[in-house]
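Here the structure comes first, spelled out in structure tokens, and everything after it is commentary.
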Amino acid sequence: IIMHSMQFNIRISSNCINCIRCVAVCPSHVLVRNSANRMVEVGSLGRCIGCGQCAAVCPTHALHHSAYPTEKIHPFKTEDCPTSEQFLLLCKKRRSNRTFSGQPVPKECLQKIMEAGSYAPTAHNAQDVCYKVINSASQLQILSRFVADSYKHIIHILQNPLLKPFLRRFRPQYYDNLPSMLNVVAEYDKGNDIILRKARTVILICTDQRDFFGATNADLAYQNMSLMAETLGVSQFYAGFLCSAIRLKKGGLEQLLGIEGKIHAAMALGIPKVKFNNYVERPFRFEFI
């Protein structure tokens, strides 16, 4: 559901204390302060994107938004949240762990991972990110075969002697990745799947075909999902070979799996065979401009 395509209702009740927090946080300037009596009121309701900022910030629950009834608004205490040090440690210890034990990922873990993704921001509050969970061995094989077939097709084109001079000049990035594609195909043909690495589950992250920011929204969701997987002790990695094949053969995997929408990202998951006990420092580059 694209939230901003819906019609919303906003009502401000008499217990409003006129703190104007809702006016300050509204990204679409729907809520305004009346110039005469200085009270908060609803201005251009048609511009509302249903982000819920106003409902979340109101200290007295005086603002009633049709998309966020009282039962959907939950107070929290800042002290219950992870500290900055705890969160940074989670980021530091998170790794792309490709050593899977072969055990299935519990359904409740998968649900938590996807729920975390649903709380990532989306451009214009589209909230159109959806998830397709691939669990069966036969469908996982379809994914790997799709990558191998897509790579074989592009390799054939890149190695065509008539096209090579032109492509090398205008698509040099393809040749930078040609050795990697050749290796993936060679290993696949030998029965060694380095595409999914024996992952037991793949989550495909999709959006509406028309979403201009679909790829960005999917990647933002992925980051939330990745960190949630880390807290649950579930190994995951970004299925880069699969994502590159999806880009090479636009619409091919969606058609193959009967998926409506567009796949932008893919997460391969499993229960880890090996666990990490240390994190290594990474370069931290920044400058104030």
(request) Give a yes or no on whether Arg171 atom CZ has more than 12 heavy-atom contacts from other residues, nucleotides or ligands under 6.0 Å away. (result)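 Open: at most 12 neighbouring heavy atoms sit under 6.0 Å from CZ of Arg171.
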(request) Classify the angle between the aromatic ring planes of Phe166 and Phe170 as parallel (below 30°), tilted (30 to 60°) or perpendicular (above 60°). (result)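 Tilted: the ring planes of Phe166 and Phe170 meet at 30° to 60°.
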Can you tell whether the side chains of [X] and [Y] come within less than 4.0 Å, N to carboxylate O?
| X | Y | result |
| --- | --- | --- |
| Lys190 | Glu187 | yes |
| Glu254 | Lys262 | no |
| Arg145 | Asp193 | no |

(request) Verify whether one side chain among Asp211 and Gln209 offers a donor that lies under 3.5 Å from an acceptor in the other. (result)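 The criterion, which ignores hydrogens and geometry beyond distance, is not satisfied for Gln209 and Asp211.
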(request) Give a yes-or-no answer on whether the side chains of Thr201 and Asn135 include a donor-acceptor pair shorter than 3.5 Å. (result)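 Checked: Thr201/Asn135 side chains pair up, N/O donor to acceptor below 3.5 Å.
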Does some side-chain heavy atom of [Y] sit less than 4.5 Å from a side-chain heavy atom of [X]?
| X | Y | value |
| --- | --- | --- |
| Arg247 | His264 | no |
| Met181 | Val185 | no |
| Pro27 | Ile49 | yes |
| Val133 | Met114 | yes |
| Tyr188 | Val147 | no |

(message) Measuring from atom OH of Tyr151 to atom CG of Leu158, what distance do you get when rounded to the nearest 0.5 angstrom?
(response)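 Taking OH in Tyr151 and CG in Leu158, the distance rounds to 11.5 Å.
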